[in-house]
Participant: 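I have a structure here, written as structure tokens, and I will follow up with some questions on it.
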Amino acid sequence: MGQMKIAVLSNVTASLLLAGLQGVEVYTPAGFDTWQQEILGSASGIYSCGAEAVFILLYPGTFIEGWGTESTAKKQAEGWLSSIKRLASKMPGVPIFVSSLDIRMMGCELPVAAALAQGIEAYWAGQVQGMAENVYGFPLKEMISNAGRDKVYSDKMWYLSSCPYSLEGMGLVAEMIQDCCFWAKGRRKKCLVLDLDNTLWGGVAGEDGAGGVVLSSHGEGARYYDMQKCLKQMKEQGVMLAVISKNNPEDAKEVFDKHPFMVLHENDFVAQKIGWEAKPDSIKRLASELNIGLDAFVFLDDNPVERAQMRAACPEVTVPEFPEDSSGLPAAVCEIYKSYFKSIEVTEEDRAKTTQYIQERKRREVKGHMRSLEEYLKNLEIEACVRLMKPGDEARVAQLVGKANQFNVTTIRYSKKELHELSVGSGSDVVVGEMKDRFGEEGLTAVMVLRYQGKAAVVDTFLMSCRVMGRQFEQVIMESVKKWLRKAHPKLERLEASYKRTAKNKPVEGLYESLGFQLDAQDLDEAGACCRKQYHCGVGAITQFNNVYKTIDQFEGEKGTDA
């Protein structure tokens, strides 16, 4: 996968700052303080550079330089905001990160100036928030406040190069840009696995009992209480939490059920492995049950021996260090979130993630009592909707395209902007699939990208969430697509598709054979194993399968239009 392409617009010199970025290709316009001209010019490079994210870094200067009264300050701010709104409207689907303002004081202003500066900073933040669907705050002021202005700013650099930041400050800003690039690409991990004793609470449940563990809203126990609040927020933003603990299940349950300051409860976890099994074995079983790879886990445990064993037995699992001082636990958990889980957008599917995996556990229990797959699927009473992607789906679709690995025939990654262009373009369509059953909503869990070439529709991308694999959804989607193509594109004669082997998509190597496609060609690697296959199938060809889905609601609505 190539470097991420970004654009940086600023009213100060940013070349030294940008030189510290890694893994990104940067476009920035020539000239000093030309960022607004860049936005206003219809032929500007910002619109043709292929940026997957845009960063706007603005420096208001000292408070007395053009920001001395509320009216002049707001007039300046409105001019900037107008340009940013124009950019957002012309680059739909591209995340635009806009810096918060930090108005510096010279030290000789009247006291009222400080209050006015704070008011303008708050006004700016309020205007940026909610400006457009693809505009996000870039917390520059917050970083400066945490690090300290003396560290971040350099008067010498400002007077020499029109860059207000010190070398340390440049590094901190570059690090923030780097973080936002990761967040824009979508979260990289899926599940945070936690120990219990001296991790989720202080003390040992089996020895201290529910009333003796260290956990409270004040004093020493507040560090665990505050950490649990952070974990709860992570769970509500789509991070799966799980427990792996060497403990007696009854002792742990007593703490969950009876301790008055437990923020997290058993239904906040997708699974709990509490017993005396080796933790690497427990996490392998958990990976199998959740149908996700070991590389999707982060493991937090206070015991250095357990951490070492996990690293040795399961090197794919991320194992951060535990803070030496447990008062650093809340901050450590926040850093884990920032480093491995944070995403710039939280979808409804994210918020429902834990519930969905708990529902999946119930489905597995039902499946264990069924005599056949057909009987199991009928018992689920599945309903499906296969349709064209709508603008409101773009965030979820980009998320799925960015992280689906097992059921993904080509593993082509698309940005939100690219998906938007594919959905509105005349030569392509983006199809999505939704599912629900008697246990609950699965949400949007499948994506197919179609490109039209002559009399053929090419399946460029076909992927599903691993959570819904094994329910014949792929067959339902393919038949729905064929039926729609016959109606919407009557001149099409065939579907073409390909499979490209990756390290993780072995489950779909024979997908197209099972869907009735004919193999045209295949490439073999040096060991004689298949690494690529090409297929075709008639648009009118019907795949024979037992359709046990209750209803199929096909292609409601119309093709999206450009913003």
Side-chain angles (χ1 to χ4, degrees), residues 1-6 23-25 50-54 91-97 133-134 136 177-191 234 237-240 290-293 295-298 316 318 337-353 356 389-423 428 430-434 442-450 459-469 500 502-505 507-508:
M1 194 166 120
Q3 290 185 323
M4 182 177 182
K5 296 180 180 179
I6 69 170
V24 294
E25 180 181 330
E52 299 170 74
V54 178
M91 299 185 73
V94 177
I96 299 171
F97 296 92
E133 187 182 54
N134 58 328
Y136 305 91
I177 292 175
Q178 208 91 55
D179 287 341
C180 289
C181 290
F182 286 132
W183 302 337
K185 281 291 189 181
R187 59 172 56 94
R188 294 163 287 165
K189 304 293 181 180
K190 297 180 181 180
C191 185
M234 289 170 61
Q237 295 186 57
V239 179
M240 292 189 290
L290 297 178
N291 198 20
I292 60 178
D295 60 350
F297 290 96
V298 177
E316 306 94 330
T318 297
Y337 173 66
K338 171 186 165 184
S339 299
Y340 303 111
F341 295 102
K342 187 171 180 177
S343 178
I344 61 172
E345 290 185 271
V346 180
T347 66
E348 289 304 316
E349 283 80 3
D350 289 328
R351 296 185 180 95
K353 187 85 68 182
Q356 289 170 341
M389 183 180 79
K390 301 174 184 177
D393 301 323
E394 288 175 357
R396 170 58 178 167
V397 173
Q399 187 182 70
L400 263 180
V401 169
K403 68 180 184 180
N405 290 307
Q406 294 185 68
F407 194 111
N408 193 335
V409 292
T410 54
T411 323
I412 298 173
R413 308 299 189 188
Y414 288 116
S415 67
K416 191 176 173 182
K417 174 190 176 185
E418 291 168 329
L419 287 164
H420 174 83
E421 292 172 345
L422 286 166
S423 71
S428 55
V430 181
V431 177
V432 299
E434 298 172 315
E442 290 283 15
L444 197 160
T445 52
V447 178
M448 181 184 290
V449 175
L450 296 168
V459 182
D460 170 284
T461 294
F462 189 15
L463 61 88
M464 288 197 315
S465 167
C466 60
R467 199 175 64 247
V468 298
M469 289 170 60
K500 181 181 179 182
T502 69
K504 297 182 179 181
N505 71 352
V508 292

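Counting from 1, the numbers follow the sequence of the chain as shown. Both backbone and side-chain heavy atoms feed into the values below; hydrogens, waters and symmetry mates do not. The structure presented is a predicted model; accordingly, all values stated were derived computationally and were not measured.
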Participant: Minimum heavy-atom separation for Val397 and Met389, please, with both atom names.
Facilitator: CG2-SD, 3.7 Å

Participant: Using side-chain contact (heavy atoms from CB on, under 4.5 Å) as the criterion, list what pairs up with Asn134, not counting sequence neighbours.
Facilitator: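 With neighbours one apart ignored, the set is Ala88, Ile96, Ala132.
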
Participant: Quick one: side-chain contact (heavy atoms from CB on, under 4.5 Å) partners of Thr461, sequence neighbours excluded?
Facilitator: Thr410, Ile412, Tyr414, Val449, Leu463

Participant: What's the separation between atom CZ in Arg413 and atom CD in Glu52, rounded to the nearest 0.5 Å?
Facilitator: 13.0 Å

Participant: Does Gln406, at its CD atom, have more than 12 non-hydrogen atoms belonging to other residues, nucleotides or ligands within less than 6.0 Å?
Facilitator: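 Yes, CD of Gln406 has more than 12 neighbouring heavy atoms, counting only those of other groups under 6.0 Å.
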
Participant: Please round to the nearest 0.5 Å and tell me the distance separating atom CG of Leu444 and atom CG of Asp393.
Facilitator: 5.5 Å

Participant: Does any part of the side chain of Ser465, heavy atoms only, come nearer than 4.5 Å to the side chain of Leu400, both counted from C-beta?
Facilitator: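 Yes, close enough: below the 4.5 Å cut-off.
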
Participant: Among all residues two or more places apart in sequence or in another chain, which pass the side-chain contact (heavy atoms from CB on, under 4.5 Å) test with Ala53?
Facilitator: Met4, Ile6, Phe55, Pro95, Phe97

Participant: Please round to the nearest 0.5 Å and tell me the distance separating atom NZ of Lys342 and atom CG of Asp179.
Facilitator: 8.0 Å

Participant: How long is the span from the CD atom in Gln356 to the CE atom in Met240, to the nearest 0.5 Å?
Facilitator: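 Taking CD in Gln356 and CE in Met240, the distance rounds to 10.0 Å.
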
Participant: If you compare all heavy atoms of Gln178 against all heavy atoms of Gly23, which two are closest, and at what distance to 0.1 Å?
Facilitator: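 Distance-wise, the nearest heavy atoms are NE2-N, 4.5 Å.
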
Participant: Applying the side chain to side chain contact (heavy atoms under 4.5 Å, CB included) criterion to Ser428, which one of Leu422, Asp460, Leu450 satisfies it?
Facilitator: Leu422

Participant: Which heavy-atom pair separates Ser423 from Glu394 by the least distance, and what is that distance?
Facilitator: OG-OE2, 4.4 Å

Participant: Please report the closest heavy-atom contact between Lys190 and Lys403, naming both atoms and the distance.
Facilitator: CE-CD, 4.4 Å

Participant: Which distance, rounded to the nearest 0.5 Å, do you find between the CD1 of Ile292 and the CZ of Arg467?
Facilitator: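 Rounded to the nearest 0.5 Å, the CD1-CZ separation comes to 11.5 Å.
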
Participant: State the CZ-NZ distance between Phe341 and Lys189, to the nearest 0.5 angstrom.
Facilitator: 8.0 Å

Participant: Heavy atoms only: give me the nearest Asn405-Asn408 pair and the separation to one decimal.
Facilitator: O-CB, 3.8 Å

Participant: Using every non-hydrogen atom in the two residues, find where Lys5 and Gly50 come nearest and quote the distance to one decimal.
Facilitator: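 Nearest heavy atoms, Lys5 then Gly50: CB-O, 3.6 Å.
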
